[in-house]
Each structure stands twice: as C-alpha cells, then as structure tokens.
Amino acid sequence: MNEWPEDSQLMRLIAQKQPQALEQLYDRYERPMYSFAYRIVKDSMMAEEVVQELFLRIWNHAERYEDSQGKLSTWMFAIARNIAIDTLRRKQTRTAGQLAEPDKLLQVADRGRGTEEEVELRFMGEELALAMEDLNEDQKKVIDLIYFKGYTHQEVSRKQEIPLGTVKSRVRLAMKQLKEKLAGRGKEGAPI
C-alpha cells in the first residue's frame, strides 16, 4: 500500500471507521485548518475547538464527501469556515448576554438551580465518571488536564512531554468514545 494514501482513499477508509486513516488525515491537514480557523476566530483556543469539531464531523460524516465534487481540502475549508462562524456567533451571543450595568444586576432575581436540576446535573456527572472509566489511562489523563483542570492542548503537550498531535488525537478519540458511551446510556432509558 502507498505510504501516503490519496485524500479520497483516506476518506473511504474513514467512512469505514478506520481510526488510522483519520489520524493520517489529521496529520496532513491539522496545521492548515488551524491557521485558517485562527484567521477567522482570532483566538487559539477557539481555533483548536474548530479543528476538533471539523475532524469529529469528518469522522461522523465521511460518506458525505464525494471526490467528484472537488478537492477534499476545499470541502474541509468550507466546513471549517462554517464551524468558525458558528463559534463566533455563539461567543457573541454569550458575551452580549453577559454585559449588564451594575445597578441592573441588583434588580435581577436569583435563578439558582432547583433541586430537580441539581439532581439531574449530579446524575449526569456520575454517568460521565462511569463512561470515563472505559478510557485508557493516556486518554483519561489528557481529558482530565484539558476539560477538568483547564490546560490548553499545548500546555498538556509540554507537561506530558508528548507531541501536540498526539494530545489532540487522544482527546478526539476519547471524546468519540465518551459520546458513544453516553449516547448508549441515553438509549437505554436513562436520562442524560
């Protein structure tokens, strides 16, 4: 087999859910996609989120790509652009909703969580903890550092002395496993 498969061949393998093909595609396109996303969102963390979402969508919907319609990179840039714009819109909505004058804040009623919401959140946390037990130790470590301790991908790379691409791959695969595990629990009738 050719050492550097063509994009269309990688996409066929990804559609067959072969993780090595996604890793190769990621290694090939992560930098240009990150640079492109960064130019739109102008924030390194958001650009990383855009790239992560892009490759998650590719993994979940690889069959939608048709090489007869154009180059894979063009298709990927279009998806990345849409994700980046959606990310900016979400950020603007959150920011606009957070701005208020100090004296108006005093007039806002306390809308603390009710008992039902607290129980549901606690249940969801327990479900997540159970799902994380199925991850391998390397994946648990990067997920803990990034999502629970607030480290960036670059900081985890330096702290754990592993390549940035490896950190991102571990996060991507761990998130995919968690999503599948939690989705499975939801189908069994448990609230998520």
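Computed from a prediction, not measured in an experiment: that's the story for all the values here. Index from 1, following the sequence.
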pair [X]-[Y]: side-chain heavy atoms closer than 4.5 Å:
X      : Y      : value
Val171 : Val156 : no
Tyr29  : Val51  : no
Trp75  : Ile58  : yes
Gln160 : Leu145 : yes
Met11  : Leu25  : yes
Asp134 : Gln177 : no
Glu53  : Glu49  : no

Inset, instruction - Run through His153, Glu23, Glu30 and flag the one making a side-chain hydrogen bond (donor to acceptor under 3.5 Å, both in side chains) with Lys168. - result: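 When His153, Glu23, Glu30 are each tested with Lys168, the side-chain hydrogen bond (donor to acceptor under 3.5 Å, both in side chains) holds only for Glu30.
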Inset, instruction - Applying side-chain hydrogen bond (donor to acceptor under 3.5 Å, both in side chains) between Asp7 and each of Gln24, Arg12, Lys71, Arg28, report the one that passes. - result: Arg28
Whether the side chain of [X] engages the backbone of [Y] through a donor-acceptor N/O pair (distance < 3.5 Å, no angle test) should be reported.
X      : Y      : answer
Thr87  : Ile83  : yes
Ser169 : Gly165 : yes
Tyr65  : Leu72  : yes
Ser8   : Asp67  : no

Inset, instruction - State plainly whether the residues Lys141 and Glu137 are in salt-bridge range, i.e. N to O under 4.0 Å. - result: no
Does atom [atom1] of [X] have more than 12 heavy-atom neighbours from other groups under 6.0 Å away?
X      : atom1 : result
Arg81  : CZ    : no
Tyr151 : OH    : no
Lys140 : NZ    : yes
Lys17  : NZ    : yes

Inset, instruction - For Ala21 and Leu13, work out which heavy atoms get closest and say how close. - result: CB-CB, 3.5 Å
Inset, instruction - Of all the heavy-atom pairs spanning Val50 and Ala37, show the shortest one and how long it is. - result: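 It is CG1-CB, 3.7 Å.
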Legend entry - Pair Gln18-Gln16, side-chain donor/acceptor within less than 3.5 Å: yes
Legend entry - side chain to side chain contact (heavy atoms under 4.5 Å, CB included) assessment of Phe55 paired with Met76: CA-CA 9 Å; Phe55 283 95; Met76 290 173 67; 3.8 Å; yes
